[in-house]
Amino acid sequence: MLEFFSGSPARTAAIAGQIAALIPAPAIVQLTGNLGAGKTTLSKSLIEAWGAGRADEVSSPTFTLIHEHGEPVSVYHIDLYRLETPNEFYSLGLDEIFDSRARVLIEWGEKFAPLLPPERWIIRIEHAGGDARRITVDRP
Ligand SMILES: Nc1ncnc2c1ncn2[C@@H]1O[C@H](COP(=O)(O)OP(=O)(O)O)[C@@H](O)[C@H]1O
Ligand SMILES: [Mg+2]
């Protein structure tokens, strides 16, 4: 398990660059943390570090559920926050994405943890007072 401490969004972006270098494709990455912890902030810089887009052009998939980045697509960015039932999860049809050569970022993945491929990275982001965050990375 790796552990980082961030004091600002900019520092989280830099940490994301370090984490990105550790995760080769293909990969499934569960992003776990409360609302506002920084899952999307971290995702933006992961996507940029993986060469799939510019951080400032990456938006949250909270309402759209799945975003594709790169040409051809090399990163899928998924947000399960709004899903409630296993049927809703299955209706996303993620099997093809999980079997692809891409990296797959899954915000709120813990909501459906038993339904996710077991071989996955888990990045946790926790509030640590004000703008401070504790970020941990567990490998598959
Ligand atoms: N150290 C930090 N790391 C990441 N985000 C931070 C930090 N400090 C403050 N923030 C702010 O917290 C918010 C995190 O939002 P977001 O990334 O959308 O969270 P989530 O996707 O986990 O709900 C942003 O407004 C960001 O600017
Ligand atoms: Mg988010």
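In this text, all values refer to a predicted model and were calculated from it rather than measured experimentally. Index from 1, following the sequence. Every number for a ligand or one of its atoms is a count from 1 in the order of the listing.
- Although no hydrogens or angles enter the test, the distance criterion places a donor-acceptor pair under 3.5 Å between the side chain of E88 and the main chain of E84.
- Considering each of N34, T41, L31, the one bringing a non-hydrogen atom nearest atom 16 (P) of ligand 1 is T41.
- Looking only at heavy atoms of the protein, atom 1 (N) of ligand 1 is closest to D131 O, 2.7 Å.
- Among the atoms of E107, an N, O or S atom falls under 2.8 Å of the Mg ion (ligand 2).
- Of the possible polar contacts, one joining the K39 side chain to the G33 backbone as a donor-acceptor pair under 3.5 Å is found.
- Looking from atom 27 (O) of ligand 1 to the surrounding protein, the closest heavy atom is P9 CG, 3.5 Å.
- No hydrogens or angles considered: nothing links the side chains of D131 and S8 as a donor-acceptor pair under 3.5 Å.
- Classified by interplanar angle (parallel below 30°, tilted 30° to 60°, perpendicular above 60°), the ring pair F89/F112 is parallel.
- Ligand-side atoms of ligand 1 in range of L35: 23 (O), range being under 4.0 angstrom from any heavy atom.
- Just one residue in the list L83, D79, L80 forms a side chain to side chain contact (heavy atoms under 4.5 Å, CB included) with L65, and that residue is L83.
- Below 4.0 Å from some heavy atom of T40 lie the following atoms of ligand 1, by number and element: 17 (O), 18 (O), 20 (P), 21 (O).
- Among protein heavy atoms, atom 3 (N) of ligand 1 sits closest to T12 OG1, 2.6 Å.
- There is no protein heavy atom closer than 4.0 angstrom to atom 25 (O) of ligand 1.
- Remark: the backbone N or O of A20 is paired with a side-chain donor or acceptor of W50 at under 3.5 angstrom.
- The minimum heavy-atom distance linking T62 with S60 is given by the pair OG1-OG, 2.7 Å.
- Under a 4.0 Å heavy-atom criterion, S6 is in contact with ligand 1.
- The Mg ion (ligand 2) has an N, O or S atom of T40 closer than 2.8 Å.
- Side-chain atoms of H77 and E107 include a donor-acceptor pair closer than 3.5 Å.
- At least one heavy atom of S8 lies less than 4.0 angstrom from ligand 1.
- Note: an N/O pair closer than 3.5 Å links G36 and ligand 1 by distance alone.
- Nearest-residue assignment for atom 9 (C) of ligand 1 (options R134, R11, E107, R133; heavy-atom criterion): R133.
- Between E126 and R134, at least one side-chain N (NZ, or NE/NH1/NH2) sits under 4.0 Å from a carboxylate O, which counts as a salt bridge.
- Listed by atom number, the atoms of ligand 1 under 4.0 Å from G38 heavy atoms are 14 (C), 16 (P), 17 (O), 19 (O), 20 (P), 22 (O).
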